[in-house]
Amino acid sequence: MKKKSPARSLPKAPIGKDKLRPFSSIVLDGPDRAPSRAMLYPVGFKEADFKKAVIGIASTWGMVTPCNMHIDKLALEAQAGVDEAGGKAVTFNTITISDGISMGSEGMKYSLVSREVIADSIETVVGCQGFDGFVAIGGCDKNMPACVMAMARMNRASVFVYGGTILPGCLTSAGNKPVDIVSVFEAVGQHAAGKLSDAGLHEVESCAIPGPGSCGGMYTANTMASAIEALGMSLPNSSAQAAISKDKVRDCRNAGAAVLNLIKLGIKPRDIMTKKAFENAITLVIALGGSTNAVLHLLAMASAANVKLSIDDFTRIGRKVPVLADLKPSGKYVMMELVRIGGTVPLMKMLVEAGLMHGDCLTVTGKTLAENLKNAPHYPAGQDVIRPLSNPIKKDSHLVVFYGNLANNGAVGKISGKEGMQFTGKAIVFDSEELAMKAILDGTVKKGHVVVIRYEGPKGGPGMREMLGPTSAIMGKGLGKDVALITDGRFSGGSHGFVVGHITPEAFVGGAIAVINNGDSITINAEQRTINLDITAKELDRRLRSWQQPKPRYTAGVLAKYAHLVNSAHLGAVTDAGL
């Protein structure tokens, strides 16, 4: 029986009598609050500012990754938008990390952990400082859902801004072929297979990332930005703008003003983040062919908003929603091609008109989704980035939730159909990502194998690392249709091939993935949504009874704390559930 996340009470704070300054008035008004006001003069407050709504600007700026290197400048634009609209903006920072840099190393274990740290830190600053609302600007995979989790927890007027997509790199030796970070990961596999020289590998790595912005395909960053827009928590087309563009500057300015409008209208995040809004987010993710990480993050965001969402909702919605976008990693185009033809707005209009999205959901504009889309244009004739509903890339969802004796609580795969719909092969088992990567690159992994990477789940890793290195190496070596990979870890939005992750229960808590032996037959059937270890129930029970839990890999610090608190991947891998 699948466990359900318990209902939780969300933090509540006293609300002042001033409806336009419901929280800052408590901190700043009256003779006894003179010390608080005194602390704010040095950081730029003027006398008149103490009577304005105070709006936080949560910036995820950092020079640790190109995804976020420009967000300090975007924060200044959001700040200006607040101030011009009559509020008082206060900018603060939170952390970010880089998946792309840490991928395949121990450092990647901190990636999913950072989602919780960022949500906690934004909640901490907003709650402590008595901000009446806030803008949060995110530019990489984890900080975006983290921003929305904080919005749901605090339930104060707030708007999310996406930092924007990167421009593609240009590989001149291949006829100016567009390249991105996944091109580099796959080039590693090509190099290991002897298909690419040292010089060729260097050329790809040196031109793939030309400047600021998030990874350029429909990977996790662009997926989550699109999901948040469909959820109603960002302004129209915020998810489909270049990082360095006039459109993105306007988006930031407008977001600052929009928060003040939400305060005037009395609209709060949990008025927007309803079950129907999450269904809209799932629908757009499917139509765009988005990342499996959307499952994990939308579950976590729903948990923060106290909305009952489960992995089975992805199956229910996925039966009727087709894949329409021909975007990388499985497709042809990068995100900038979608930007050039009008972004996500025409697609959402198409889906609302077809009855596949709920047009009556409220958004941060103060209007419903249908009202936002009323005068939106359709895509230009002749474009082939987004297919019509009558000619989809796939007639139902690419996000497949599997059950079976290997995944009693579920698992998640991204099955485009290009890699086939069924796979049966012999297990080759690894207790870490590094061991699997070595075996893929040195040729130990061969056609017909099902690569099993275990003890990489939320508790076992800890941190549920992404397996972009192994999946890209498999593709780069030309084994994409001949080798499957399963894991209790997860995948980057750039992963493709016959891969299934989020296997629950994970190995560390005694899930069946822990007792797979080398040579065991494993059958994955995407049509029936099943994943099974092909042994008898009696033999499986015998193995499980003899299994012993390994010692934790970390016993102190943030990773140990995370492993102690985190729940299962099928519940969103959150750390505050059931507290």
Side-chain angles (χ1 to χ4, degrees), residues 13-29 36-37 40 43-60 71 73-92 122-123 125-138 147-148 150-163 228-229 231-238 247-273 277 361-369 371-372:
I15 297 176
K17 295 180 181 179
D18 189 335
K19 292 183 179 179
L20 298 182
R21 301 171 56 242
F23 300 100
S24 64
S25 60
I26 297 172
V27 175
L28 300 176
D29 290 2
S36 302
R37 296 192 294 274
L40 291 171
V43 296
F45 272 63
K46 307 298 183 186
E47 198 70 34
D49 293 332
F50 294 113
K51 295 301 179 183
K52 299 175 181 177
V54 181
I55 307 300
I57 310 294
S59 168
T60 59
I71 285 178
K73 297 178 179 63
L74 297 184
L76 292 175
E77 298 294 343
Q79 181 178 311
V82 169
D83 293 342
E84 289 168 1
K88 175 56 181 173
V90 178
T91 300
F92 65 97
I122 293 174
E123 176 189 342
V125 176
V126 171
C128 176
Q129 299 298 125
F131 293 153
D132 299 303
F134 62 102
V135 175
I137 310 173
C147 289
V148 177
M151 291 172 176
R153 292 180 191 174
M154 298 309 292
N155 204 29
R156 302 183 189 187
S158 46
V159 175
F160 176 77
V161 173
Y162 178 39
I228 293 167
E229 183 180 332
L231 188 66
M233 289 304 297
S234 60
L235 296 174
N237 255 348
S238 179
D247 286 339
K248 186 48 65 183
V249 169
R250 276 193 297 270
D251 185 35
C252 293
R253 293 243 173 176
N254 291 340
V259 174
L260 293 169
N261 185 50
L262 289 171
I263 293 174
K264 291 175 184 176
L265 295 174
I267 297 173
K268 300 175 182 178
R270 293 203 295 272
D271 298 325
I272 296 170
M273 296 168 64
C361 287
L362 195 60
T363 74
V364 291
T365 65
K367 301 177 182 179
T368 65
L369 181 62
E371 288 171 330
N372 290 344

> Does the Glu371 side chain pair with the main chain of Thr368, one donor and one acceptor, at a distance under 3.5 Å?
Replying inline: yes
Separation between CD (Glu77) and CG (Asn254), nearest 0.5 Å, reads 11.0 Å
Interatomic distance, CG@Asn237 vs CZ@Arg250, rounded to 0.5 Å, equals 11.5 Å
> Hey, is the main chain of Leu28 close enough, under 3.5 Å, to the side chain of Arg37 for a donor-acceptor pair?
Replying inline: yes
query = Ser158 versus Met233: any side-chain heavy-atom pair under 4.5 Å?
reply = yes
What I want to find out is whether Asp29 reaches Arg21 closely enough, with some N-O distance under 4.0 Å, to be called a salt bridge.
yes
Query raised in the report: Hey, mind stepping through Gln79 and Thr91 against side-chain hydrogen bond (donor to acceptor under 3.5 Å, both in side chains) and telling me if it holds?
Result: CA-CA 7 Å; Gln79 181 178 311; Thr91 300; 2.7 Å; yes
**Asked** Sub-3.5 Å donor-acceptor pair from the side chain of Asp132 to the main-chain atoms of Ile263, do we have one?
**Response** no
May I ask you to check if Arg156 and Phe23 form a cation-pi contact, with NZ or CZ under 6.0 angstrom from the six-membered ring centre and within 45° of the axis? yes
| Any sub-3.5 Å donor-acceptor pair from Lys88's side-chain atoms to Lys46's backbone N or O? | no
Presence of salt bridge, Asp271 and Lys268, under 4.0 angstrom:
no
Counting N and O atoms only, with roles assigned by atom type, does the side chain of Ser25 sit under 3.5 Å from a partner on the main chain of Asp18, one being a donor and the other an acceptor? no
dist Tyr162:OH -> Ile137:CD1 (nearest 0.5 Å) comes out at 13.5 Å
CG of Leu260 to CD of Glu84, rounded to nearest 0.5 Å, is 11.5 Å
Could you give me the CA-CA distance, side-chain angles and deciding distance for Leu74 and Cys252, then say whether side-chain contact (heavy atoms from CB on, under 4.5 Å) is met? CA-CA 6 Å; Leu74 297 184; Cys252 293; 3.6 Å; yes
